[in-house]
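Everything below concerns the one structure shown next.
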Amino acid sequence: MTERELDAAGVTDPALREAYRHCRQLNARHGRTYFLATRLLPVERRPAVHALYGFARWADDIVDALGTGADTARRDAELAALERELEQGLRDGESAEPVVRALADTARRYGIDHAHFADFMAAMRSDLVVTDYADYAALRRYMHGSAAVIGLQMLPVLGTVTDRETAAPHAAALGVAFQLTNFLRDVGEDLDRGRVYLPADLLAAHGVDRERLRWSRDTGRRDPRITSALRAFERLTRGVYRQAVPGLAMLEPVSRPCIRTAFVLYGGILDAVAEDGYAVLHRRSVVRRRRRAVVAADGLARVAAARLRARSAAAREPGGVPLTGAGPVGPRMVEEVA
């Protein structure tokens with residue numbers, strides 16, 4: 001469906017089309033939940049989401065270059081080179097790097113504030129040297145650049161029925177909620193990278209520190225104190241999801257099924273962690289296939305309803321043109337999302 005997406009988005013330049021295709025491949029390969037939720041967006045908006053995700057994925061991969069022999073200095077140099085390429089791309093609209101070229105085009109088309117990209121790169125650089133966080137306030141400062149700005153970048157693409165400033169705090173909260181969910185799911189993997197994203201004061205309140213986490217990871221043994229700390233972090237994360245909820249109704253109707261689906265699926269990761277006994281130091285918890293299928297079916301039904309409402313509204317307007325839909329809706333797409 002790539003060509004249809006690019007045609008609908010009005011991307012005609014061959015090199016730019018190839019750049020967007022590359023971003024879509026990154027999204028499909030690395031962001032399964034995110035990519036599949038994106039399938040519920042109107043086709044003309046999907047390339048922009050792929051570009052935003054592709055760039056974030058690329059930068060994150062530089063930071064997390066494990067097993068490649070890349071030391072901190074080399075990764076810092078690669079991030080600096082990427083940042084220079086980004087600045088030029090946003091300024092000139094051109095770049096030899098496909099991901100940057102697609103991102104620059106998306107930023108121009110949707111009027112995305114360039115400061116969001118600068119804040120994101122600052123957070124990526126901090127990941128090279130900061131390996132833990134004293135408290136939640138410190139973690140939130142980091143997540144402004146690593147997560148909140150992702151929600152803010154997405155907002156112009158999704159569109160709103162309110163002014164953007166009203167929706168912005170909720171979009172930022174959703175980005176943070178998604179990242180907190182990843183932090184909980186990936187505690188063990190992050191520990192192997194030398195990082196602990198769970199705030200030190202939260203861990204200490206339950207009698208846990210980095211050494212205790214390392215012991216559990218290395219031995220495969222459980223500790224009720226660790227479980228208690230992880231449960232507290234889950235509660236904290238669910239609170240951020242609640243902050244994001246009002247923003248769902250502020251999005252344009254055609255965008256709501258996509259974001260609601262991502263909201264439910266990411267929240268389902270928290271459910272899976274709890275059902276798995278908070279064993280995140282020993283294995284990754286995943287949302288069951290059947291649950292994903294149910295959520296996908298609901299999302300597709302909402303897409304169909306949104307398309308019907310858009311067509312009805314267009315028909316009532318003299319010379320009205322229906323909005324482009326999310327594409328074919330059927331059992332195959334449910335299987336793909338599941």
Side-chain angles (χ1 to χ4, degrees), residues 2 5-27 30-31 34-35 37-38 41-63 78-125 143-160 163-165 167-169 171-172 174-175 178-179 247 251-252 254-255 258-259 262 324:
T2 307
E5 292 172 355
L6 295 172
D7 291 343
V11 180
T12 58
D13 178 76
L16 188 57
R17 287 173 73 93
E18 185 58 36
Y20 274 111
R21 289 189 198 99
H22 180 65
C23 292
R24 188 181 190 275
Q25 291 168 0
L26 288 173
N27 196 351
H30 297 289
Y34 201 67
F35 175 75
T38 302
L41 277 177
V43 290
E44 71 273 10
R45 304 191 195 192
R46 296 179 202 166
V49 177
H50 296 321
L52 293 172
Y53 180 90
F55 180 80
R57 179 75 259 175
W58 186 18
D60 194 56
D61 282 348
I62 292 174
V63 173
E78 290 182 6
L79 279 179
L82 174 58
E83 193 160 22
R84 289 192 297 270
E85 195 72 32
L86 171 65
E87 290 171 354
Q88 179 183 337
L90 292 175
R91 183 177 61 251
D92 303 335
E94 296 292 333
S95 175
E97 296 290 351
V99 173
V100 174
R101 183 166 186 160
L103 181 78
D105 182 68
T106 290
R108 178 189 61 79
R109 288 172 183 265
Y110 288 94
I112 300 173
D113 189 343
H114 293 183
H116 297 328
F117 302 115
D119 289 347
F120 172 76
M121 291 304 297
M124 294 300 97
R125 287 196 305 273
M143 288 192 297
H144 167 74
S146 65
V149 297
I150 303 299
L152 298 175
Q153 291 169 21
M154 284 282 294
L155 203 54
V157 179
L158 299 172
T160 62
D163 60 275
R164 197 176 296 173
E165 292 72 22
L174 190 57
F178 287 169
Q179 185 165 62
L251 299 175
E252 287 185 2
V254 292
S255 297
C258 164
I259 302 306
T324 304

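The shown structure was predicted, so the numbers you read here are calculated from the model rather than taken from an experiment.
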Value for CZ (R84) from CE (M121), rounded to nearest 0.5 Å, stands at 10.5 Å

Working to the nearest 0.5 angstrom, can you tell me the gap between H144 NE2 and D119 CG?
4.0 Å

E5 and side chain to side chain contact (heavy atoms under 4.5 Å, CB included): which single residue from R17, R21, R46 fits?
R46

Close side-chain approach of E97 to F55, heavy-atom, < 4.5 Å
no

From L155 atom CG to L251 atom CG, the distance as rounded to the nearest 0.5 Å:
6.5 Å

P98 and H22 have their tightest heavy-atom pair at CB-CD2, 4.2 Å

If you look at every heavy atom in A104 and G93, which pair is closest and at what distance?
CB-CA, 4.3 Å

Residue pair E252 / L158, side-chain heavy-atom distance below 4.5 Å:
no

Any idea which heavy atoms bring A59 and M124 closest together, and the distance?
CB-CG, 4.1 Å

Does the side chain of D105 come within less than 4.5 Å of D13's, by heavy atoms?
no

Taking the basic N atoms (NZ, or NE/NH1/NH2) and the acidic carboxylate oxygens, is any pair closer than 4.0 Å for D113 and R164?
no

R45 side chain vs S255 backbone, donor-acceptor pair below 3.5 Å
no

Start with the C-alpha gap between V63 and L79, add the side-chain angles, then the distance that decides, and say whether side chain to side chain contact (heavy atoms under 4.5 Å, CB included) holds.
CA-CA 8 Å; V63 173; L79 279 179; 3.8 Å; yes

Take V254 and L41, measure what side chain to side chain contact (heavy atoms under 4.5 Å, CB included) needs, and give me the verdict at the end.
CA-CA 7 Å; V254 292; L41 277 177; over 6 Å; no

Minimum side-chain heavy-atom gap Y53-V99 below 4.5 Å:
no

Out of curiosity, Y110 OH to Q153 CD, how far, rounded to the nearest 0.5 Å?
14.0 Å

Nearest-0.5 Å distance that lies between atom OG in S95 and atom CG in L16:
11.0 Å

Minimum heavy-atom separation for Y20 to A48, with atom names?
CE2-N, 4.2 Å

Closest heavy-atom pair and its distance - E85, V100
O-CG1, 3.5 Å

Closest approach of T106 and A51, non-hydrogen atoms and distance?
OG1-CB, 3.5 Å

Rounded to the nearest 0.5 angstrom, the CG-CD1 distance for L82 and I62 is 5.0 Å

Stepwise, does the side chain to side chain contact (heavy atoms under 4.5 Å, CB included) test hold for L103 with F117?
CA-CA 10 Å; L103 181 78; F117 302 115; 3.5 Å; yes

Taking 4.0 angstrom as the limit, do R57 and D61 come out as a salt bridge?
yes

